[in-house]
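Below, chain A is the first sequence line, B the second, and so on; all start at residue 1.
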2 protein chains.
Amino acid sequence: MAAPRANMSYRDIKQVVLDRIHNKIWAPDSLLPSETDLAEEFSSTRTTVNRALRELAEEGYLERKRKAGTRVLNAPARKAQFAIPLVRDEITETGSEYRYALVERNVLPAPHWLSARMNIPQGRDVLHLRCMHYTDNAPFQYEVRWIVPDSIPEVLDADFSSVGPNDWLVQKVPFTNLELSFLATKADQTVAEFLDTQAGEPIFTAERITWLRGQPVTLAKLFFAPGYRMTTHL
Amino acid sequence: MAAPRANMSYRDIKQVVLDRIHNKIWAPDSLLPSETDLAEEFSSTRTTVNRALRELAEEGYLERKRKAGTRVLNAPARKAQFAIPLVRDEITETGSEYRYALVERNVLPAPHWLSARMNIPQGRDVLHLRCMHYTDNAPFQYEVRWIVPDSIPEVLDADFSSVGPNDWLVQKVPFTNLELSFLATKADQTVAEFLDTQAGEPIFTAERITWLRGQPVTLAKLFFAPGYRMTTHL
DNA sequence: AATGACTATTTATATAGACATAAATGCCAT
DNA sequence: ATGGCATTTATGTCTATATAAATAGTCATT
């Protein structure tokens, strides 16, 4: 058990505070001493205590409010962080070989559901791509992507036969906003064939919409091969 | 476009740096000026610049190394934060009514897969619960839970008929480690009946294992009603 | 060519003090 | 009681400065 002593770093203080929360010395919903008091107890300064408490609050252990003080949250660690890896990285990092293939490329007027979803004018031409990502030649992810060329006209001339749209976009268009959803979908015939499974199988699916300064840029539907799971530790 | 001026807060500095990254003034892989130089440019102090850059690094935009300097990451390996709310909160926060029901409670020897998964001795007695969570009386989540009583003997006497196991555990046993996975599963007959759908439907599923100081505490499988999606913005 | 010691630079963190800002609280007039 | 105002207090942030730790780069040594 970490005990207060002189010259504690903000890391030490974080650990002491966490211990006290775990041992119910500071019970859920209870109020911690003020930063000033804690600084004195730890023979530290308010700045250092502040950083420790601020980070614990960011991590979801504490709630802080001016004047009201710092409170222990009863539902601890409510935030999970997931990295959003590029498919290629996700695959190569396990030592497997990554392969990409373009399935289809079209320019066509935005369908109604897309116009509504991304808030773009009806009938505006958009780029529609379908691609596959393989790991050691086994299907890994089937990608259906829509790109609005308005904010990036050069996308229409890009060659997506060897570079995936995500790789290309990441280089060309840094996004400013992102909406990311995860859901379970049922494989239709097309998805099933590309992912080498049966129609009707449950498919872990991600939907990703990005904007650049308020302008919609791209929507991607990512269908993962059966058995995929997204995991995090904390 | 934010332009450097006097008295910039660390937030302002973050924004300016982000803008410059987006406008390729500081291209991917390139090196930023040192904190000292930036502090001078922004008529600020190194402390303030440090906080701005440190946070941008935490958010995945920059990479910082002593002596090596601060570098722009080319693949904004950005991190998505998902709240892991208590089911009850997730429901009541939308203004809907939450209802909980215990379906079944057993004490039985740990099945082999559970022993292996949670690293507990073969045949150790564990508490097995099945529960339902409803929103406005529509099925929301079907929960299958295993609790290892070793580290919390009193769990065997707990009354789970009106309090959900998660609520109970959160109050009693602060966890120290958590593994959280998301995947898509196919509804079996039981799941389908509880979630009011057809067997075979794709089900968004979460698996959650928690430990207390290295001791496994509980494993939960959470089956969400069809249509559920987990969303985050950033 | 490889290894090791040294140095300069950059980030990491701590201290001390000041002012800003939000919000809980109590007091007062109604 | 009730609404509004002033006070108080805890956190939020900035400035200024100092020291520590890591490490890229250099140069000498093997």
**Message:** Using a 4.0 Å cut-off to any heavy atom of chain A, which nucleotides of DNA chain C are the first and last in contact, reading 5' to 3'?
**Reply:** C/dT13 to C/dA24
**Message:** Under 3.5 Å, is there a donor on one side chain and an acceptor on the other for A/T47 and A/N50?
**Reply:** no
**Item:** By salt bridge (charged side-chain N to carboxylate O under 4.0 Å, His left out) - contacts of B/E55 (at least two apart)
**Value:** B/K14, B/R51
**Request:** Look at the rings of B/Y228 and B/F204 and say which category their plane angle falls in: under 30° parallel, 30 to 60° tilted, over 60° perpendicular.
**Result:** tilted
**Message:** Under 4.0 Å, heavy atoms only, any strand: does A/R51 hit a base, just the sugar-phosphate, or nothing?
**Reply:** sugar-phosphate
**Message:** Looking at B/E35 and B/R64, is any side-chain nitrogen of the basic one under 4.0 Å from a carboxylate oxygen of the acidic one?
**Reply:** yes
**Request:** Look at all strands and tell whether A/R71 reaches a base, only sugar-phosphate, or nothing, counting heavy atoms closer than 4.0 Å.
**Result:** nothing
**Item:** Parallel, tilted or perpendicular: rings of B/Y98 and B/H133 (30°, 60°)
**Value:** parallel
**Request:** Select base, sugar-phosphate, or nothing to describe what A/S34 touches, counting heavy atoms under 4.0 Å on all strands.
**Result:** sugar-phosphate
**Asked** Can you name the salt bridge (charged side-chain N to carboxylate O under 4.0 Å, His left out) partners of A/D150, sequence neighbours left out?
**Response** A/R124
**Request:** Applying salt bridge (charged side-chain N to carboxylate O under 4.0 Å, His left out), name anything that partners A/R71, two or more places apart in sequence or on another chain.
**Result:** none
**Asked** First and last nucleotide of DNA chain D in contact with chain A, 5' to 3', at under 4.0 Å to a heavy atom: what are they?
**Response** D/dT8 to D/dT13
**Request:** With DNA chain C as reference, determine whether A/Y10 or A/R46 sits nearer its 5' end, using the nearest nucleotide of each.
**Result:** A/Y10
**Asked** More 5' along DNA chain C: B/T36 or A/A68, using each one's nearest nucleotide?
**Response** B/T36
**Fill in**
Applying salt bridge (charged side-chain N to carboxylate O under 4.0 Å, His left out) to A/R229 and not counting sequence neighbours gives B/E207
